[in-house]
Amino acid sequence: MIGKRHSVILGLLFVLVHCLLFWHYGMRTFYDSAAYLEAADYVIAHGKLQDFHHLFYTVPILMMAAFRYLFPGEVLPILLFQCFLSGLAVMALYKSAEKVFSSKTAGLMACVIFLAWLDNIHWNITTMTESIACSIFCFVLYRLAFWQNRRKDVLVLTALLIVVFFTRPTGIVIILSSLIFVVAHYWKPLVESRRILVSVTVVAAVMIVFTAERMLDHWDFSDEYLKGNIITYADIVKDGHSLYHESLTIDPPSSKAFSRSVSPIGRVVLFIYENPIHFLKTAGLKVFYLVSFVRPYYSWAHNLYLAVWIPLVYFFFAVGWRATSNLPIKLFVVTAIVLNCGLIGISSVD
């Protein structure tokens, strides 16, 4: 259990942060969040998903549908449930950090960072997929931190990853990172039994290719490449809009276009092959925006907060990396970071 003093600190911080967020933002139902509410209402009215691509968001949509059914037309119950789930995630994160670093102070620091990182925690108060996805990721980390080679561990992790798959498409990052954790944890027996190692490699490769094909077939990033967007939909606000800044886009390639005669993965590979300089430049800018967090359309105060906060996060990451010898957890984390950067590099920053 979390110690009493740490429980009080984290409880007060959790309430304070969420009260400030509700006070500042209220209950947001902007374009994307309203679309999820519409999808939930459609499930209630017709008993099925509104669109095929909603399959990848089944968990949050069904969750919203359940609350909309119990409280017709209301948004607040959904947000309160997301906050409650996030509270459980904080507890899971505390225990995970305490286990990995053998330190209650590490558990406290991990949760303080989690709650004070406003760019992430603010999703708890809007009807999107980020909040529930983030909470489930914390539960996955908890299971990995307390991995004991039991059948229960395998079953619980499998169940969580299935939920991850149907919560948000980018959950594939956590799924593959978890696979790397399992391989690293069982590396010695896998090496000793090469047949099993080959089988695991083949199954993983097939899963990666199949999932990537399905995702890239539906979310075709070719438009973002060819429009030269660094930030998603930046071209829409390009002409005279106060949010636009020239660094949000880059001149698209003049004559090269995606081939429609190849597979979704093939389109991406072909574009990179035919436009290597353009791709490297745009991908580099996207990853820069991802890791720096600053945006030219943010207020100066918010960018100042990020300029101070993000280096602190990275500093503590480096401290944590050196403080643990848990190699499977390290590989899980670094795989998630690399895959997330790669996913942004071939698409765009949201």
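Side chains included, hydrogens not; waters and symmetry mates left out as well; all remaining heavy atoms used. Positions are given from 1, in the same order as the sequence printed here.
- Residues I136 and I174 have side chains not in contact (no heavy-atom distance under 4.5 Å, counting atoms from C-beta outward).
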When you look at F139 and L88, which way does the side chain to side chain contact (heavy atoms under 4.5 Å, CB included) test go after all the steps?
CA-CA 9 Å; F139 301 148; L88 295 180; 3.9 Å; yes

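- Between F56 and F52, the two ring planes are perpendicular [angle over 60°; tilted spans 30° to 60°].
- Between Y25 and H122, the two ring planes are tilted [angle within 30° to 60°].
- No side-chain heavy atom of T58 sits under 4.5 Å from any side-chain heavy atom of T167.
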Kindly determine whether H18 and F22 satisfy ring-ring contact (aromatic ring centres under 6.0 Å, His included), including the steps that lead there.
CA-CA 6 Å; H18 285 83; F22 273 110; 7.3 Å; no

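- Between Y94 and the options H6, K104, K99, a side-chain hydrogen bond (donor to acceptor under 3.5 Å, both in side chains) holds for only H6.
- Looking at N149 and Y186, their side chains do bring a donor and an acceptor atom within 3.5 Å of each other.
- Ionic pairing of R68 and E74 is not present here: no N-O contact between side-chain nitrogen and carboxylate oxygen is shorter than 4.0 angstrom.
- A 6.0 Å sphere centred on CZ of F288 holds no more than 12 heavy atoms belonging to other residues, nucleotides or ligands.
- Between F67 and F71, the ring planes are parallel. Angles under 30° get that label, and only those over 60° would be called perpendicular.
- Inter-residue side-chain proximity for I329 and F181 is flagged as met; some heavy-atom pair is nearer than 4.5 Å.
- Using bins of under 30°, 30° to 60° and over 60° for the plane-to-plane angle, the ring pair Y305/H302 lands in the tilted bin.
- When all heavy atoms of Y289 and V294 are compared, the closest pair comes out as CD2-O, 3.3 Å.
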Set out, in order, the CA-CA distance, both residues' side-chain angles and the distance that settles ring-ring contact (aromatic ring centres under 6.0 Å, His included) for W117 and F293, then state yes or no.
CA-CA 11 Å; W117 200 335; F293 268 77; 5.4 Å; yes

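- Across all non-hydrogen atoms, the minimal contact from M64 to M128 is CE-O, 3.6 Å.
- Counting heavy atoms from C-beta outward, V334 and K330 have side chains that stay 4.5 Å or more apart.
- The minimum heavy-atom distance linking S178 with L161 is given by the pair OG-CD2, 3.7 Å.
- Listed here is the closest heavy atom pair of S135 and A89: CA-CB, 3.7 Å.
- Pairing each heavy atom of L343 with each of V173, the nearest pair is CD2-CG2, 4.4 Å.
- In this structure the side chain of P328 never reaches within 4.5 angstrom of the side chain of W187, judged on heavy atoms.
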